[in-house]
Structures are given as C-alpha cells and as structure tokens.
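Keep in mind that what you see is a predicted model, and the values were worked out from it rather than measured.
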Amino acid sequence: DPKVVDSLVRSRSTPAGSPLRHLTPRELEVLAEIASGKNNGAIAEALVLSGGAVEKHIHSIFYKLGLTEEAAVHRRVAAVLLFLAELPPTG
C-alpha cells in the first residue's frame with residue numbers, strides 16, 4: 001500500500017535494534033519503492049535518479065542489511081520482508 005510506504009519513509013524513525021536504522025533516508029525511499037513492487041527503472045523514474053544510482057543504493061541496502069549473495073535467498077525479497085516487519089500497525 002503506497003500510503004503505508006510513504007508513512008514509513010516520512011517517519012524515518014526506526015527502533016534502536018532495527019537493521020533499517022543503518023539506512024540513509026534515500027536508501028529507505030529506494031527500499032520503499034522496492035517494497036511497492038517497482039523494478040530499478042521504475043524506481044529511478046519515481047525518485048528522479050539514474051539507473052546507476054538506483055543500483056548503488058540497492059547494493060548499499062543489501063550490504064547494510066547483511067544480505068549476501070546466496071543461491072537460496074533472494075535479496076530483494078529478504079530486504080522487503082525486513083522493511084515490512086518494521087511497519088507500524090495500521091488501524
């Protein structure tokens with residue numbers, strides 16, 4: 001839901017134990033766009049970034065979240081799951 005994603009990005013406050021606390025505000029924006037299902041090109045367009053900048057942010061996100069290249073783990077999905085776990089309850 002775009003409203004939930006926007007709310008999380010704008011709050012920029014993450015719990016002290018959250019791995020997301022290591023991400024910059026721009027990296028959180030990129031991760032929010034990934035969580036909304038966008039590919040790199042769509043993220044670049046939405047955030048007015050170059051494709052190369054998006055790739056750099058994504059690699060930095062993976063590094064900061066400790067998501068290494070493993071055959072059994074899709075890093076984009078793992079990053080989104082971490083992101084969604086931090087969403088405040090709605091209701």
Side-chain angles (χ1 to χ4, degrees):
D1 182 10
K3 290 179 185 178
V4 175
V5 171
D6 287 341
S7 172
L8 179 62
V9 170
R10 286 188 184 145
S11 72
R12 294 186 186 162
S13 62
T14 54
S18 169
L20 299 180
R21 75 185 182 284
H22 300 295
L23 302 182
T24 66
R26 181 57 111 184
E27 289 165 349
L28 284 171
E29 289 176 328
V30 170
L31 184 52
E33 296 294 326
I34 294 170
S36 71
K38 292 181 180 171
N39 64 22
N40 289 9
I43 294 169
E45 185 176 321
L47 299 179
V48 191
L49 295 170
S50 69
V54 170
E55 287 182 28
K56 285 179 71 173
H57 286 303
I58 291 172
H59 288 293
S60 181
I61 291 166
F62 292 161
Y63 175 77
K64 290 179 179 180
L65 297 180
L67 300 172
T68 60
E69 289 189 46
E70 298 176 31
V73 178
H74 192 286
R75 294 186 298 172
R76 280 178 89 103
V77 173
V80 167
L81 290 173
L82 285 170
F83 179 78
L84 294 176
E86 298 295 328
L87 286 176
T90 59

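Annotation: side-chain contact (heavy atoms from CB on, under 4.5 Å) contacts of Leu47 (sequence neighbours excluded): Arg26, Glu29, Val30, Glu33, Ile43, Leu49. Under the side chain to side chain donor-acceptor pair (under 3.5 Å) criterion, Ser50 pairs with no residue, sequence neighbours left out.
Closest of all the heavy-atom pairs between Asn39 and Ala42 is OD1-N, 2.8 Å.
Applying the salt bridge (charged side-chain N to carboxylate O under 4.0 Å, His left out) rule to pairs touching residues 40-49 yields nothing, sequence neighbours excluded. Residue pairs that meet the salt bridge (charged side-chain N to carboxylate O under 4.0 Å, His left out) test with at least one member in residues 49-63, sequence neighbours left out, do not exist here.
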Without placing hydrogens or testing angles, list every side-chain donor-acceptor pair under 3.5 Å for residues 58-66, not counting sequence neighbours.
unit_1, atom_1, unit_2, atom_2, d
Ser60, OG, Glu27, OE2, 2.6
Lys64, NZ, His22, O, 3.4
Lys64, NZ, Glu27, OE1, 2.9
Lys64, NZ, Glu27, OE2, 3.3

Kindly list each side-chain donor-acceptor pair under 3.5 angstrom involving residues 75-85, sequence neighbours excluded, with atom names and distances?
unit_1, atom_1, unit_2, atom_2, d
Arg76, NH1, Asn40, OD1, 2.7
Arg76, NH2, Lys38, O, 3.1

